[in-house]
Amino acid sequence: MKRTEIKILLNNTPIGTELNIRGWVRNKRTSKNVAFIALNDGSTIHNAQIVVEIAIAETINFSKVTTGASITVIGTVVASQGSNQQIEVVAKSIEILGEANPDEYPLQPKKHSLEFLREIAHLRFRSNTFGAIARLRHSMIFAVHQYFTQNGFFNIHTPIITGSDAEGAGEMFQVTTLNLNQLPRNEDNSIDYSTDFFGKITNLTVSGQLEVETAMAGLSKVYTFGPTFRAENSNTSRHLAEFWMIEPEVAFNDLIDNMDLAEDFLKYLIRYALDHNMDDLLFLSDRLKEEEKSKAEELRSMELIEKLKFVLENQFARISYTEAIEILKNSNPNKKKKFQYLIEEWGADLQSEHERFLVEKHFKKPVILTDYPAHIKAFYMKQSEDGKTVRAMDVLFPQIGEIIGGSQREENYDKLKRRINELGIPEKELWWYLDTRKFGTVVHSGFGLGFERLMLFVSGMTNIRDVIPFPRTPQNADF
RNA sequence: UCCUCUUUAGCUCAGUUGGUUAGAGCAUCUGACUGUUAAUCAGAGGGUCCUAGGUUCAAGUCCUAGAAGAGGAGCCA
């Protein structure tokens, strides 16, 4: 008999239907005459309740039906006598597909710590929490492509191995086929890369932006959605060495258009989650509430679904860096010297505590900060007439901080070239990038959205290692 | 990389001022139970107290170094 997914079973299967369901046992409860199996196949957060009469149990080695075992059940859909589910399946036959030795199987029908689940990342797809995260993650991936498709964008696969080290977005992982125990040397003892696979130094990409800008200058509306690698020694709950980034780039868009795109895009994704993943969101919300019980009242965050709706219904605040400095300068924490880094003058880089103050205390909603001092931002950003700032924008979210970083790009060939030289970036590595400004240059803008940071916000999880299946962080590349 | 905290049973955690044989809940196993909901009840088994040194008559407990994990900071998405 063909398998019926548990999601289908629970949605609209009429009483009396005979069907086959398969999955992994979450829990088994036995009494004298009847046993109950909670079965999950990952199609939904919900389990199917299998009712096993003693006569059926006796046909198999029922003691081997343990938490974690995989089974296939043929049975009949009936109205449930219990109160926790509408329907259940009375088994006619059960077959054990794969046993799970209870002495070795680490998942129990109880709440596990997220740290423990991380240590068994290969099994945590079978937990409620990570199952919900995985389904939500898929939904968000799909929604990203759907949003851009509906809005006339084209997806561009930018290279993962890059030959340019001029992107300036952090430490890179080197890619080489050279024998590290026996490196070929030049006469001056430097390493001879001419015999390396690409004949030069290559690294894993830290951003697809420069390449995707070349696609923009031809297709107008493009985006990348790919893996990104940063070899920073970052040990925080919001950094990964390998993460996924979405980078739209749009010709003829200025900074205002860019902000409109970022806000519309984020709201679309959040709305998509609310429309398509309510079961998982409700579970994650309950989980979060449970977790927050142990926190002091003032440290608790808004309930997850309420928070998502709140972001949807409110305009993001949009202020310039200069305005932000004024707000911070006159803020209570600054006057009372509560900030670790006090705001004294224009030009200072904003610290996490300042961003959090603006988002969580002052505006109490997402904030887009624009027009930062040029000296704290990347070379490619559009230089303003004031000569001091660039047309940059960061979208700041509560708890997460910077979820998007973007800008209008400098489209003027001479200005861009001058900035590259000022910063000592090797110009000859960027000849192809400069060509986009040399031939038919256009005003254009784009941004980078950290996909896992979006996942943090939408799922309400607090550690980025719990929203990606196999996190890569310093000293950890297991699985 | 810096600061702070943590590391005791399969999991989550107690463990007093350094003092007998290191405990609990859950899980596992055995049994009981007329339909359970992380079932319930009774019993049993289960320990390199993170590692290596040190102090002491005596160390899970104190000291030093290291490892791993967490929170915060920096870097950023």
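Keep in mind that the numbers below use all heavy atoms, side chains included, and drop hydrogens, waters and symmetry copies. From a predicted model like this one, the values you see are computed outputs, not experimental measurements. Chain letters run A, B, ... following the sequence lines, proteins first and then strands; every chain starts at 1.
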Extract from the structure each pairing of a protein N or O with an N or O of nucleotides 7-9 of chain B at less than 3.5 Å, listing the distance.
none

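- A donor atom on one side chain and an acceptor atom on the other are not found under 3.5 Å apart for A:Asn155 and A:His145.
- Here B:U12 presents its P atom at 17 Å from CD of A:Glu290, a figure rounded to the nearest Å.
- A centroid separation of 6.0 Å or more is found between the aromatic rings of A:Tyr147 and A:Phe153.
- Residues A:Trp24 and A:Asn40 form no side-chain contact, since every pair of their non-hydrogen atoms from C-beta on lies 4.5 Å or further apart.
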Under 3.5 Å, which protein N or O atoms sit close to an N or O of nucleotides 43-50 of chain B? Give each pair with its distance.
none

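- Side chain of A:Asp264 to backbone of A:Leu261: no donor-acceptor contact under 3.5 angstrom is found.
- A donor-acceptor pair is defined here as one N or O able to donate and one able to accept, closer than 3.5 Å; no such pair exists between the side chain of A:Thr67 and the backbone of A:Gln108.
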Intra- and interstrand pairs of RNA chain B - dot-bracket, Watson-Crick/G-U under 3.5 Å, | marks other strand
(((((((..((((.....[...)))).(((((.......))))).....(((((..]....))))))))))))....
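- Across the interface with RNA chain B, nearest-nucleotide mapping of A:Gly405 and A:Lys111 shows A:Lys111 to be the residue nearer the 5′ end.
- When the C1' atom of B:A77 is taken as reference, atom CD of A:Glu247 falls 9 Å away, rounded to whole Å.
- Rounded to whole Å, atom P of B:A77 lies 19 Å from atom CG of A:Asn463.
- Applying the 4.0 Å criterion to OP1 and OP2 of B:A73, one finds that A:Arg238 has a side-chain N or O inside that range.
- Of the C1' atoms belonging to B:G46 and B:U21, the separation is 16 Å, rounded to the nearest Å.
- Taking atom P in both B:A14 and B:U56, the straight-line distance is 31 Å, to the nearest Å.
- In this structure a side-chain-to-backbone donor-acceptor pair under 3.5 Å is missing from A:Ser234 to A:Thr236.
- Going from atom CD of A:Glu242 over to atom C1' of B:C76 covers 17 Å, rounded to whole Å.
- Under 3.5 Å, the side chains of A:Asn33 and A:Ser31 contain no donor-acceptor pair of N or O atoms.
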Are A:Arg22 and A:Asp41 close enough, and set up right, to give a salt bridge (Lys or Arg N to Asp or Glu O under 4.0 Å), and what steps lead you there?
CA-CA 7 Å; A:Arg22 301 173 208 177; A:Asp41 66 2; over 6 Å; no
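- Residue pairs meeting the side-chain hydrogen bond (donor to acceptor under 3.5 Å, both in side chains) criterion with at least one member in residues 467-479 of chain A, sequence neighbours excluded, do not occur.
- By the salt bridge (Lys or Arg N to Asp or Glu O under 4.0 Å) test, A:Lys329 is found to be paired with A:Glu326, residues two or more places apart in sequence or in another chain being considered.
- A distance of about 16 Å separates the C1' atoms of B:U51 and B:U6, rounded to the whole Å.
- A sub-4.0 Å separation between OP1 or OP2 of B:U12 and a side-chain N or O of A:Ser113 is present.
- Judged by distance alone, the side chain of A:Lys377 and the main-chain N or O of A:Ala392 form no donor-acceptor pair under 3.5 Å.
- The salt bridge (Lys or Arg N to Asp or Glu O under 4.0 Å) check on A:Glu353 picks up nothing, with sequence neighbours excluded.
- Evaluation of the salt bridge (charged side-chain N to carboxylate O under 4.0 Å, His left out) test over residues 91-104 of chain A, restricted to residues two or more places apart or in two chains, returns A:Glu18-A:Lys92.
- Side-chain contact, A:Thr462 with A:Gln399: no donor N or O sits under 3.5 Å from an acceptor N or O.
- More than 12 heavy atoms of other residues, nucleotides or ligands shown are found within 6.0 angstrom of NE2 on A:His375.
- Judged by distance alone, the side chains of A:Gln209 and A:Tyr380 do bring a donor and an acceptor atom under 3.5 Å apart.
- Comparing the C1' positions of B:G72 and B:C29 gives a spacing of 44 Å, expressed to the nearest Å.
- With A:Lys221 contributing its side chain and A:Asn151 its backbone, the two residues share a donor-acceptor pair below 3.5 Å.
- Closest-nucleotide positions on RNA chain B for A:Arg465 and A:Gly450 were compared, and the one nearer the 5' end corresponds to A:Arg465.
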Using the 3.5 Å cut-off, write out each protein N or O paired with an N or O of nucleotides 23-27 of chain B and the distance between them.
residue, atom, partner, partner atom, Å
B:G25, N2, A:Lys110, NZ, 3.4
B:A27, O4', A:Gln108, OE1, 3.4

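- Rounded to whole Å, the P atom of B:C41 lies 14 Å from the corresponding atom of B:U36.
- Around NZ of A:Lys7, the count of heavy atoms belonging to other residues, nucleotides or ligands within 6.0 Å does not exceed 12.
- Looking at residues 359-367 of chain A, you'll see that no heavy atom sits under 4.0 Å from any atom of RNA chain B.
- In terms of the side-chain hydrogen bond (donor to acceptor under 3.5 Å, both in side chains) criterion, A:Ser237 has no residue partners (sequence neighbours excluded).
- Contacts between residues 115-125 of chain A and RNA chain B, counted as heavy-atom distances below 4.0 Å, involve A:Glu115, A:Phe116, A:Arg118.
- Without hydrogens or angle criteria, A:Arg135 side chain to A:Gly42 main chain gives a donor-acceptor distance under 3.5 Å.
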Look for any protein N or O under 3.5 Å of an N or O in nucleotides 31-36 of chain B and output each such pair with its distance, or none.
residue, atom, partner, partner atom, Å
B:U34, O4', A:Asn33, ND2, 3.4
B:G35, OP1, A:Ser31, OG, 2.4
B:G35, O6, A:Gln81, NE2, 3.1
B:G35, N1, A:Glu88, OE2, 2.8
B:G35, N2, A:Glu88, OE1, 2.7
B:G35, N2, A:Glu88, OE2, 2.5
B:U36, O2', A:Arg29, NE, 3.1
B:U36, O2, A:Arg29, NE, 2.7
B:U36, O2, A:Arg29, NH2, 2.9
B:U36, O2, A:Gln49, OE1, 3.4
B:U36, N3, A:Gln49, OE1, 3.0
B:U36, N3, A:Gln49, NE2, 2.9
B:U36, O4, A:Gln49, NE2, 2.5

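- Residue A:Arg287 contributes atom CZ, which lies 17 Å from atom P of B:A38 at whole-angstrom precision.
- Relative ring orientation between A:Tyr321 and A:Trp346 is described as perpendicular, the plane-to-plane angle rising above 60° on a 0-90° scale split at 30° and 60°.
- Rounded to an integer number of Å, the gap from NZ of A:Lys28 to P of B:U40 is 16 Å.
- Rounded to a whole angstrom, the distance from the P atom of B:A38 to that of B:A73 is 37 Å.
- For the P atoms, the distance linking B:C63 with B:A24 amounts to 29 Å, nearest Å.
- Remark: the backbone N or O of A:Val467 is paired with a side-chain donor or acceptor of A:Arg137 at under 3.5 angstrom.
- Between A:Glu232 atom CD and B:A73 atom C1' the separation is 14 Å, expressed in whole Å.
- Rounded to whole angstrom, the span from the CZ atom of A:Phe357 across to the C1' atom of B:A73 amounts to 20 Å.
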